[in-house]
Amino acid sequence: MSTVTYLEAIRDGLHEEMERDESVFLIGEDVATYGGAFGVTTGLKDSFGEERILDTPISEVGFTGAAIGAAMMGMRPVVEFQFLDFIACAFNIITNYAATTRYRTGNGVPMVMRGPMGGGVRGGPFHSQNPESFFFNTPGLKIVAPATAYDAKGLLKSSIRDNDPVIFLEHKYLYRRMKDDLPSGEILVPIGEGLVRKKGGDLSIITFGSMVHRSLEAADALEKEGIHAEVIDLRSLLPFDEALILESIKKTGKALIVHEATLTGGVGAEFAARISEKAFEYLDGPVTRVASLDTPVPYSPPLEDMFMPSTQIITNAARKLAHY
Amino acid sequence: MSTVTYLEAIRDGLHEEMERDESVFLIGEDVATYGGAFGVTTGLKDSFGEERILDTPISEVGFTGAAIGAAMMGMRPVVEFQFLDFIACAFNIITNYAATTRYRTGNGVPMVMRGPMGGGVRGGPFHSQNPESFFFNTPGLKIVAPATAYDAKGLLKSSIRDNDPVIFLEHKYLYRRMKDDLPSGEILVPIGEGLVRKKGGDLSIITFGSMVHRSLEAADALEKEGIHAEVIDLRSLLPFDEALILESIKKTGKALIVHEATLTGGVGAEFAARISEKAFEYLDGPVTRVASLDTPVPYSPPLEDMFMPSTQIITNAARKLAHY
Amino acid sequence: MAKASTSKKAPQKRSTTKKSQARPSDTLTAEQKLELFRWTLMTRKLEERLTNLYRQNKVVGGLYRSLGQEGETVAAAYALHKDDLVGPLIRNLGALLVRGYPARDIAMQYMARGGGPTQGKDLNVHFGDVHTHGVVPPISMLGDVVPVMVGIALAARMKGEKRVALTYIGDGGTSTGAFYEGMNLAAVWKLPVIVIAENNGYAYSTPTNRQMAVDSMVKKADGLGIFGITIDGNDILAVYDAVHEARERGLRDEGPSLIEVMTYRRKGHAEHDMQKYVPKGEIESWEKNDPIDRYIAELVKTGVATKEQLEAITQEVTTEIESEMEIALASPPPNPSITLESVYFDPPLAEDHLAPYRETS
Amino acid sequence: MAKASTSKKAPQKRSTTKKSQARPSDTLTAEQKLELFRWTLMTRKLEERLTNLYRQNKVVGGLYRSLGQEGETVAAAYALHKDDLVGPLIRNLGALLVRGYPARDIAMQYMARGGGPTQGKDLNVHFGDVHTHGVVPPISMLGDVVPVMVGIALAARMKGEKRVALTYIGDGGTSTGAFYEGMNLAAVWKLPVIVIAENNGYAYSTPTNRQMAVDSMVKKADGLGIFGITIDGNDILAVYDAVHEARERGLRDEGPSLIEVMTYRRKGHAEHDMQKYVPKGEIESWEKNDPIDRYIAELVKTGVATKEQLEAITQEVTTEIESEMEIALASPPPNPSITLESVYFDPPLAEDHLAPYRETS
Ligand SMILES: Cc1ncc(C[n+]2csc(CCOP(=O)(O)OP(=O)(O)O)c2C)c(N)n1
Ligand SMILES: Cc1ncc(C[n+]2csc(CCOP(=O)(O)OP(=O)(O)O)c2C)c(N)n1
Ligand SMILES: [Mg+2]
Ligand SMILES: [Mg+2]
C-alpha cells in the first residue's frame, strides 16, 4: 500500500506499462526533459530514455499522426497533449484516421491520447475545456474519465492495453487534490464499467470526473436532510455503463445527470436520452441535468464559479428532484 | 414564382446577398473558376469577379482563419468546404477562435461556413458525414440545416446577415432532388425557428435535414393506418426551437427523434434530454430515437442502406411508439 | 493575385548522381525493366477498364484516373524493398499493383463489392495492410498520410528495423498543415520518409501557381531542412533512380527526401470533370510526353526488348485484366450484416438500437 | 536524434539596405527614438511589477515574461502606422503599450479584474480591438493568429485600404500547420502580412534545434516563396528598419515578409518554470546582450540623449506604472452576472438552465 496522488497514479501507470510492454512509448511536447507541463511524466526519460519518451515540435497533427502510424505497426503510443484543449488541433486526424481504420481495414490503431483537461483552475477559455463531447459522436473511439487516483491508474493501464484508440481525460483539478492508498499489485479498471460511489434509494446522480466529488458532497449534505442519493461514477464515457445507470434508475425512479462541460450538446444529453427511452416506465420525475452554463470557460474566479456547477447547485437540483 | 432546386436556391441566396452587401465574399477550394465541386457557386465569379470569389490552396485552417480575420474587420465571408467532412480540419480554429471572440472581446465574427454534407450518395466514410454534433457543444456557434429549397435560401440569407459564426449544413442528397416554387421577393427564414411540416395528434416526429423527407413519408404511410404523426422540421439546431418541440409534445405525449448522424452523441440526445426534463408530465411513452448505426459511414449500397434510417424503420418506430 | 499559367517545362535532371557515375537503374536486369513496364502498363489498362465499368454504371461513386502519371507511381513503388512501406493516394493505383494486390481487388473496391479488401466499407484505393502488403490505407483528408508515414518510419526505427516509408502527395496536398507538420517531424528526427511530390499542374481546377508561391517544390524541402530534388516524372528510370537514392539516404539516417516529379494529370480530377479550366493544347502537348511511350522507346533503343516482345506483354496484361475483371464482376455486394462489425476489436457498442424497428410492418 | 545546443550567435545583419544606404531609422527624430526607449523600458518595468504581484498571489494563473525580448516586440510594433494591425502573443506585451493600451489594462487582465478589457473573461494579453486600437485578440492555440492576420490583410485589400498586418510567432509556433497554411495563403495572394519569427532559443523546454531542421528561419520563408531575413533581435533599430522595409514591400504588393529576430528568452516559459534544461552560463551570456542596455549605449553614443535624461525617463516610467497599478488594484473582480453575456450578439441561448437551482437551500 502506498498513498499516491491522481497525478502520481498516472505516472506510475505509465511506468508500469512501459516496463511491461516494450511497444509502449510516449510522445508529446516537453514530456522528456521537462517531464510535461504538470510533471506527469517526470523521471520517465531517466527510466526509458529519449528513444521511448519523445519531445516533439509543436505539431498536434504531426505527432498524433505519427502515433497512428506507429500504432499501425504494432506499437502502443501514448500521446500527451500539453493541455487537452489542444487536442482540437488534431480533431480531424483522430476522428477520421484513428477512429475509422479498424472498421475500414480490419487492422486497429491502439493508442492512448491523454492530457490535462477541465476547469476550476482559472485557466481561461483555452486551458479549461472538457472536450469529451467533441469525440462522443465518433464510433471507433473510446473515452474514459477517471475521478480518483485508483481509477486513473487502473483505467490508464487498461487504455494502453486496449486495441483501439482511447481518449484518456485527466482532470487537472484532481491532479494533486485526489489521493488514494493503492495496493501494490496490478490495478486494472475495465473500460466501460461504472461504479456506485454511494448507495441510495431516493434518486440517482449520474456523473464522472471532477463532478463525482461535488456530487458526493451534495449527497452527503442531502443525507442530513434525509434524502438518500445514489451516486454513480461512470468512469468510462464511450462505451458507458448503460446497464448500471438503468439498474439504478429502476430502483430510484429519478435521474440527475451532472457534468462539467457546458449543457447543450454535452454527453449528459445522451445519458438522459437513454434513460428516458429505456427506463421510461420507472421514472418518477423529470430527467434533470446540471452542467456548466452555455458559454466559453470564463477566467476570473467569480465568473468561473458562476459558470461551473457548484456543490450547492447540485444539492439544490437533487433536492428539488427528490421532492418531485 | 420560379421553380428552383435546393442547390440553385443556395446559389441564388449567395447571389442576392453579395449584390445587397459589398462586404459579403466567398472563399474556398475551386469555388471560382470551377464553380465548386457540386456547382453551387457556378457563375458567381462572372458576376462578382475573382476579388470576391476566391479560390484557395488546400488549407482549411488557412482559409477559415482568413475568413475569421476578415470578419473581424467587418467583412462577411462565406467559407465553402468542398465536402463538409473537411471542416474537421478546421475544427480548432472554428471552436476556439470564431466561437469565443465575441464573448472574450465584445466584437463578433460574422461568417458562414457551408458545404455539402450527409450520406445516401455512396460517398464512403469521408464524403458522407453529418458533422453537426462536433460543434453542438460549443457556445458561440450557430448551426442550421435546411431541408427544402425554400429554407436553404431563406436560412442562408439569414445566416449571412447574422452577427455570429453560422455553420450551414447543405445536404448533398437534396441538392438536385428537392425543388420549390420560390416567390420572387426576399426570403428570410429566421435562425432558431422550427416548423410543423405536418400536423398530427398521436406522436411528434422531431427531425431536420434529409430525414424530414423520410419522416414525412413515414407519416403518410402511418396515416393510412390511422396514426397521425406530427412532423417537426427544426431547420435550426443551435439554437433550436425548444418551444415548438415542447408545445407539440404537450399535445401528442410522444416524441420520436430522427436524424441521419449516428446515434450515440448525436444532437438528438439533446432534444430527448430537453423533452424528458421539460415535458415530463406530458409524456405517454418513451422518448425514442432513430438514427444511423454507431459505425463510420460505410460505402457499399447494402451497407449504407443498413446504416441509415430508412422510411420503413422510421415508420416502424413511430408505429411502435404510437401504440405504446 | 497572379494569373494562372501551368506551362511548366519538365526539367531534365534525372538523379543526384553525376552524368559520369553509374545510375542505380543501370543495375536493373532486363527482366526487372520489363516488370516495370508491365506494372505501368497494367495501371493504364486497368484504369481504362474501370472507366469502361464506370460508363456502364458499375463503378459506385467517382472514378479518379492517373493517366500520364502511371510511370512515377509505379517506378517509385518499384524502387522500394519488400520490407518498406508505401502509402498510395487516389492517383497511385499502380503502387497497389506493384505491392501485389491483384487488379480484381481494386475493381471490387471501385464497384463496392463484398469481395474487395474492405468488403465494401471504403472505396477505390482506400485499403491496404501494413502487415501483409506493406501498404498503408489512406483517408481522404489530404496531407494526413504524411505524419502517419512518419510514425511508420519511427516504429521501424524503434524496433531496429531498416525500412523506409514512402508516400505520394499532390501539389495541392503540399499546402496542408498536415503535410508540413509531418515533414517537419521527419526532418527533426531524421526519419527515412520519402515523399513523391507530384507536380501535375492542378489540384482539382486550381493550377499550381495558385497553390503555392514557389516555382519548385524543392524549395519546400529547403524550408524543412531536408533533401529535395526535382525530376522528370515521366521518365520512369529517373524516378526509380531518385527513389533508390532517397532510400539509401534514409537508411543512412540522413533523413527524409522530397522528390518533386514533374508530370501532368491528363484527365480531369475525376471522370465527371470536363477540364474546362485547362488551356487549349496543354493536354495534347503532354500526350507527346507520355511516360509509357517514352519508356517503350527507351527499352527498344537500349535493346532491352523488341517492339514485338513489348506487344506480347501488352497482350498478356490485357488478358490478365480481363480475367481479373471477370472475377471482380462475379463478386456479390457485401452482406448488410457486416455493417456493424469491426468498429472496435471488442463487440459493437450499440448493436441493438435499430433492431426493435427492423421487423417488417 | 540530434543533441540540444542553443548557443547560436546573433547575426550582425541589420536590414536589407546596404551599409552605404540610409536606414529607415535614420529618419527617426530624437523624440521618436526616446519613445521607443520609453515603451521598451515600460514593458520591462511593467513585467517586473507583474512578477511582484504574482509573488503576492494577486496575479491569477501563470505569468509569462519577455525579459530580453522587449526590444524586438516594441520596435516591430513601433514601425507600424496607426492604421496597421498587430496581433501580439503572450510574449508581446510591449506591442499593447505601443498601441495605446495603458498598463492598468494589462495588469487588470492578469489579476482577473472586472475593469480589464475582457472584464475577466480572458487572461493576460488575450485582448484587443481591431477598431479602436488595431489590435487583434489572440487565442492560445499557437499558429492560429497567422491565418487570421492574413484575413485582416485580405479585408483591407478588398476595401482598398493601405494597411499591413503584423504578428509575432515563436520558433516553436512556426512548426504548426496553422502557421504554414496561413503563410502560404499570404504568399500566393501576395498580402502585406509581416511575421516576426522570434528565435529565442526555446519553446517551453524544447530547444530550437529539436523544433526544426533548418538552421535559419529564412529558409522557411524561402520554402514559402516569400521574403525572409534574419536580424539581431536585440538591436532595436535593426528591428525597426526591417519592419519598416517589410511594410513598404507589403504595400507595394510584393507580399508577406518573415523577419527572424535572433533573441533569447531569459526567463522560463512561465514564472513557475525553473529552467533546469538551460545549459550553464547561457542566460548570463545573453544578459550581456540586453536590448535595453544596448539601446541606452546607442542613444548616448549617438548623442540622442544623455544618461541623465534616460534616467529621468526611467523615473517617469516607474512613477506612471505605480499609478497605473494603483488603479488596477482598485478594480474589483467582475460581477458574476456578466458570465452569460455576449456569447452571441443575440440574447444568450440557455439563460435559464441553472436558474431553478440557484435559490439558496
Ligand atoms: C483536407 C482536404 N481538403 C480538400 C479535399 C478535397 N480534394 C480532394 S482531391 C483535391 C485536389 C488534390 O490536388 P493534388 O493534391 O494536387 O492532387 P492531384 O489530384 O493533382 O493528384 C481536393 C481539393 C481533401 N481531399 N482533403
Ligand atoms: C497548438 C498549441 N500547442 C501547444 C501549446 C502549448 N504551448 C504554449 S506556449 C508553448 C511554447 C511556445 O514556444 P515558442 O513558439 O517558441 O514561443 P516562446 O514561448 O518561445 O515565446 C507551448 C508548447 C499551444 N499554446 N498551442
Ligand atoms: Mg495536383
Ligand atoms: Mg521560442
Side-chain angles (χ1 to χ4, degrees), chain A residues 29-37 50-51 54-62 82-83 85-86 88-89 121-127 221-222 225 262-264 288-307 309-310 312-320, chain D residues 1 4 60-62 109 111-114 116 118-124 126 139-144 170-179 203-207 210-212 269 273 276-277 333-343 348-351 353-354 356-361:
Chain A
E29 287 152 11
D30 307 292
V31 292
T33 304
Y34 194 78
E50 282 195 60
E51 292 70 36
L54 284 87
D55 276 343
T56 65
I58 304 176
S59 47
E60 278 72 13
V61 178
Q82 199 156 79
F83 283 81
D85 309 63
F86 305 138
C89 301
V121 300
R122 318 319 185 185
F126 311 113
H127 289 76
L222 289 168
E225 303 175 20
T262 55
L263 183 81
T264 302
T288 306
R289 286 179 298 161
V290 165
S292 287
L293 296 172
D294 281 339
T295 78
V297 188
Y299 159 57
S300 190
L303 308 187
E304 196 183 21
D305 291 342
M306 167 94 176
F307 165 82
S310 63
Q312 186 64 60
I313 293 236
I314 300 168
T315 309
N316 292 350
R319 182 187 304 109
K320 194 165 171 182
Chain D
M1 292 151 209
V60 177
Q109 282 275 110
M111 296 190 291
R113 302 299 171 94
T118 66
Q119 301 176 279
K121 284 179 170 180
D122 203 347
L123 34 76
N124 55 55
H126 283 197
I139 63 169
S140 294
M141 286 66 188
L142 290 167
D144 284 355
D171 38 86
T174 66
S175 298
T176 61
F179 162 80
Y204 214 135
S205 73
T206 304
R210 303 297 294 264
Q211 189 72 237
M212 61 189 76
H269 172 64
D273 170 2
K276 288 193 195 143
Y277 49 84
N335 188 321
S337 69
I338 68 162
T339 306
L340 270 163
E341 281 173 13
S342 290
V343 177
L349 297 182
E351 207 158 356
H353 84 263
L354 285 184
Y357 315 123
R358 287 215 189 275
E359 69 267 44
T360 37
S361 63

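Throughout, protein chains are lettered first and strands after them, A, B, ... in sequence-line order, and every chain is numbered starting at 1.
Between the side chains of A:D294 and A:T264, at least one donor N or O sits under 3.5 Å from an acceptor N or O.
Within the 4.5 angstrom heavy-atom criterion, only side-chain atoms of D:H126, from C-beta onward, approach chain A. Looking at A:T295, the atoms closer than 4.5 Å to chain D (heavy atoms on both sides) sit in the backbone and in the side chain alike. Contacts of D:K276 with chain A are absent, with no heavy-atom separation under 4.5 Å from either backbone or side chain. Both the backbone and the side chain of D:D273 come within contact range of chain A, judged by heavy atoms closer than 4.5 Å. Only the backbone of A:V297 comes within contact range of chain D, with at least one heavy atom under 4.5 Å from a heavy atom of that chain. In this structure, no portion of A:A32 lies under 4.5 Å from any heavy atom of chain D. At a 4.5 Å heavy-atom cutoff, A:S310 makes no contact with chain D through either its backbone or its side chain. Residue D:L142 touches chain A through its side chain alone, counting heavy-atom pairs closer than 4.5 Å. Of the two parts of A:D85, the backbone and the side chain both hold a non-hydrogen atom closer than 4.5 Å to a non-hydrogen atom of chain D. At a 4.5 Å heavy-atom cutoff, A:E60 makes no contact with chain D through either its backbone or its side chain.
The choice from A:P298, A:P301, A:G123, A:P125 that makes the most heavy-atom pairs within less than 4.5 Å of chain D is A:P125. Put simply, of D:Y277, D:F179, D:Y204, the one with the most heavy-atom pairs under 4.5 Å next to chain A is D:Y204. For chain D, the option among A:G62, A:P302, A:G124, A:S292 with the highest count of heavy-atom pairs below 4.5 Å is A:P302.
Side chain of D:Q119 to backbone of D:G114: no donor-acceptor contact under 3.5 angstrom is found. Remark: side-chain polar atoms of A:D55 are paired, donor with acceptor, to backbone N or O of A:V31 under 3.5 angstrom. A side-chain donor-acceptor contact under 3.5 Å links D:S175 to the backbone of D:Q211. Between the side chain of A:Y299 and the main chain of D:V60, a donor-acceptor pair closer than 3.5 Å is present.
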Audit row: A:Y34, D:T206, side-chain contact (heavy atoms from CB on, under 4.5 Å) steps and yes/no:
CA-CA 8 Å; A:Y34 194 78; D:T206 304; over 6 Å; no

Worked check of side-chain contact (heavy atoms from CB on, under 4.5 Å) between A:R319 and A:T315:
CA-CA 6 Å; A:R319 182 187 304 109; A:T315 309; 3.7 Å; yes

Please lay out, stage by stage, how D:M141 and A:F86 fare under the test side-chain contact (heavy atoms from CB on, under 4.5 Å).
CA-CA 7 Å; D:M141 286 66 188; A:F86 305 138; 3.7 Å; yes

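The CZ atom of A:R122 sits 12.0 Å away from the CG atom of D:L123 when rounded to the nearest 0.5 Å.
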